[in-house]
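All remarks here apply to the structure that follows.
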Amino acid sequence: MGISNKTNLIIIASGKPKIWDKYPNIGPMKAKEVYTGTFHRLSKAYAEQFANDYLILSPKYGFLRPDDIISETYDVRFTIQGTNDNTIQMEELKKQWQKLQINPTERVPMLGGKKFRGLLASITDGKQLFSFPLEGATGIGVMQRELKQAVETNMPLYGTE
């Protein structure tokens, strides 16, 4: 058996387009099948290739495992200005993180923009448990290109190896 060069865990962002936008009556779905946007799909492909496991970070549900069931569509986002009634509260996110009992021996990569840095630091009381390999990208298009290239060449992004 070969030694795996996979990271243990990657966190990916959920995303706005969801399967119900195309199939409104499809009913409850697994989290890994819900988010249909290009960025999410590329992030998921990356996570499946370079990690043993991944979590989806949703502004409504918090940390989702790929097989968690989501019953219906929603339109909620994380905002700098604060949260609306449907956004998961910080205390609940902290509880979820503790309940997951993730005690990383390496930094956990988060595939997303800089808005996630403060959010994840708050969840872990400022502990630097995360890396942000896409943080230097100048926009969503660059992030998508980097993810696609990493998957196609089987070369992990710097900070997730």
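Along the sequence shown, residues carry numbers from 1. Both backbone and side-chain heavy atoms feed into the values below; hydrogens, waters and symmetry mates do not.
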Donor-acceptor contact below 3.5 Å, side chain [X] vs main chain [Y]:
X    : Y    : answer
W20  : G27  : yes
R41  : T36  : yes
E152 : A150 : no

What heavy-atom pair brings [X] and [Y] nearest, and what distance separates the two atoms?
X   : Y    : value
K94 : S122 : CE-O, 3.0 Å
S58 : Y74  : OG-OH, 2.8 Å
A47 : I12  : CB-CG2, 4.2 Å

State, with a plain yes or no, whether a side-chain heavy atom of [X] is found less than 4.5 Å away from one of [Y].
X    : Y    : result
T73  : I19  : no
L111 : L134 : yes
F63  : D68  : no

Tell me whether [Y] is reachable from [X] by hopping between hydrophobic residues (I, L, V, M, F, W, Y) whose side-chain heavy atoms are closer than 4.5 Å.
X    : Y    : value
L147 : M155 : no
L64  : I26  : yes
I69  : V34  : no
L157 : V142 : no

| message | Under the criterion side chain to side chain contact (heavy atoms under 4.5 Å, CB included), I'd like the reasoning laid out for N52 against T7: C-alpha separation, chi angles, the key distance, then a yes or no. | response | CA-CA 6 Å; N52 296 321; T7 189; over 6 Å; no
Straight-line distance of [X] [atom1] to [Y] [atom2], nearest 0.5 Å:
X    : Y    : atom1 : atom2 : result
Y54  : I11  : OH    : CD1   : 13.0 Å
R145 : L42  : CZ    : CG    : 12.0 Å
K32  : E48  : NZ    : CD    : 7.5 Å
M143 : E135 : CE    : CD    : 8.5 Å
E92  : K99  : CD    : NZ    : 8.5 Å
L55  : Q96  : CG    : CD    : 9.5 Å

| message | Does the structure place the NZ or CZ of K18 under 6.0 Å from the centre of the six-membered ring of Y35, at an angle of no more than 45° from the ring's axis? | response | no
| request: Decide, yes or no, whether a salt bridge links D75 with K60 under the criterion of side-chain N to carboxylate O below 4.0 Å. | output: no
| message | Can you confirm whether more than 12 heavy atoms, excluding those of K16, are under 6.0 Å from its NZ atom? | response | no
| message | Let's go through F50 and N154 carefully: what are the C-alpha distance in whole Å and the side-chain angles of both, what is the deciding distance for side chain to side chain contact (heavy atoms under 4.5 Å, CB included) to 0.1 Å, and is it a yes or a no? | response | CA-CA 8 Å; F50 295 110; N154 199 31; 3.6 Å; yes
| task | Could you please spell out the steps behind the side chain to side chain contact (heavy atoms under 4.5 Å, CB included) verdict for L119 and K115? | result | CA-CA 7 Å; L119 178 73; K115 71 177 175 183; over 6 Å; no
| field | Residue pair K30, I70: steps toward the side chain to side chain contact (heavy atoms under 4.5 Å, CB included) verdict | value | CA-CA 6 Å; K30 289 182 178 179; I70 299 176; over 6 Å; no
| side chain to side chain donor-acceptor pair (under 3.5 Å) evaluation trace for Y61 with S14 | CA-CA 10 Å; Y61 297 105; S14 54; over 6 Å; no
